[in-house]
Amino acid sequence: MSAADFDLPSDQVAHLLIGAMLLVDGVGGRIVETEAYDREDPASHSFSGPTARNQVMFGPPGRAYVYRSYGIHWCLNFVCREEGHGAGVLIRALEPLRRLELMRERRGVDDERLLCSGPGRVGQALGITSELNGARLDRSPFQVFASTERLPVMNGPRIGISKAKEVHWRFGLENSKYLSRKFEKFTSQPG
DNA sequence: CGAACGATTAGCT
DNA sequence: GCTAATCGTTCGA
């Protein structure tokens, strides 16, 4: 995918990314769960304007925004919309497909379903660190290929937030074993 | 400068 | 289901 593909509202990109192949240095798999965030969104890091941490969200679309979560985990986002807007998509889960042994080693677990099912796990399995904050998604080490298939996508409330819980900007591949959690309430998107 | 709070996970009950 | 771990970011004094 090119930078222009991310110059769209983050909920559209979050939906579009379900089924896409994501690789970092050849390690990764198929995206099965995402969440959208936007400048006008109280749950978003960008809601209160640019800061040292979130400055990449206010840069050009098609870049990686990487942040430290709970002092422990690295979480990977894709910057969306026009430059300066402050929108992004959090990559919450992958179906692991490439270089599973390296992911098992990095994660310290064998179970395939625990390799990339959660944003912190995705970061650890793919070797994401702050060094990749601001990196272009159309250049090494990233590779992002949109799905050519029409896939059944469901959506629902985002996870782990305290504000804007009524916004259903969590998207997931229906029937995937690799979601970080079940979708309790969801509406199926028209295929 | 201090304090509160996470876009989480793992491990235990 | 509940909670400790763990520390950078943010905001108010």
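What's counted below: heavy atoms across the whole structure, side chains too, no hydrogens, waters or symmetry copies. Just so it is clear, the structure is predicted and the values come from calculations on it, not from any experiment. Chain identifiers are assigned alphabetically (A, B, ...) following the order of the sequence lines, protein sequences preceding nucleic acid strands; residue numbering begins at 1 within each chain.
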For DNA chain C, determine which residues of residues 81-114 of chain A have any heavy atom closer than 4.0 angstrom to one of its atoms, and list them numerically.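 Close to the strand, none.
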Which residues pass the side chain to side chain contact (heavy atoms under 4.5 Å, CB included) test with [X], sequence neighbours left out?
X	result
A:S48	none
A:N77	A:Y65, A:Y67, A:L90
A:L8	A:Q12, A:V13
A:A164	A:D41, A:P42, A:A43, A:R158, A:E166, A:V167

Per-nucleotide protein contact string for nucleotides 1-13 of chain C, where B marks a base within reach and S marks sugar-phosphate only (heavy atoms under 4.0 Å, - for neither): ----BBB-SSS--
A:D7 versus A:C80: any side-chain heavy-atom pair under 4.5 Å?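 No - every pair of side-chain heavy atoms lies 4.5 Å or more apart.
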Range on DNA chain B touched by chain A - first to last nucleotide, heavy-atom distance under 4.0 Å: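 Nucleotide range with atoms under 4.0 Å of chain A: B:dG6 to B:dA10.
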Just to verify, what does A:D138 make a salt bridge (Lys or Arg N to Asp or Glu O under 4.0 Å) with, not counting sequence neighbours?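 With sequence neighbours excluded, A:D138 shows a salt bridge (Lys or Arg N to Asp or Glu O under 4.0 Å) to A:R136, given in chain and number order.
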Which nucleotides of DNA chain B pair, in dot-bracket form (Watson-Crick or G-U under 3.5 Å, | meaning another strand): ||||||.|||||.
Who pairs with A:D5 by side-chain hydrogen bond (donor to acceptor under 3.5 Å, both in side chains), at least two apart in sequence or on another chain?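 Testing A:D5 for side-chain hydrogen bond (donor to acceptor under 3.5 Å, both in side chains), a comparison that skips the adjacent residues, returns A:S2.
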In a table with atom names and distances, give each donor-acceptor pair under 3.5 Å that connects a side chain of residues 114-127 of chain A to protein atoms at least two apart or in another chain.
| residue | atom | partner | partner atom | Å |
| --- | --- | --- | --- | --- |
| A:S117 | OG | A:R113 | O | 2.9 |
| A:S117 | OG | A:Y178 | O | 2.8 |
| A:R121 | NH1 | A:S117 | O | 2.8 |
| A:Q124 | OE1 | A:R107 | NH1 | 2.7 |
| A:Q124 | NE2 | A:R106 | O | 3.2 |

Sorted by first residue and then second, give each side chain to side chain donor-acceptor pair (under 3.5 Å) pair with at least one member in residues 88-102 of chain A; sequence neighbours left out.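 Every pair satisfying side chain to side chain donor-acceptor pair (under 3.5 Å) with a residue in residues 88-102 of chain A: A:R30-A:E95, A:E33-A:R92, A:R92-A:S180, A:E101-A:R104.
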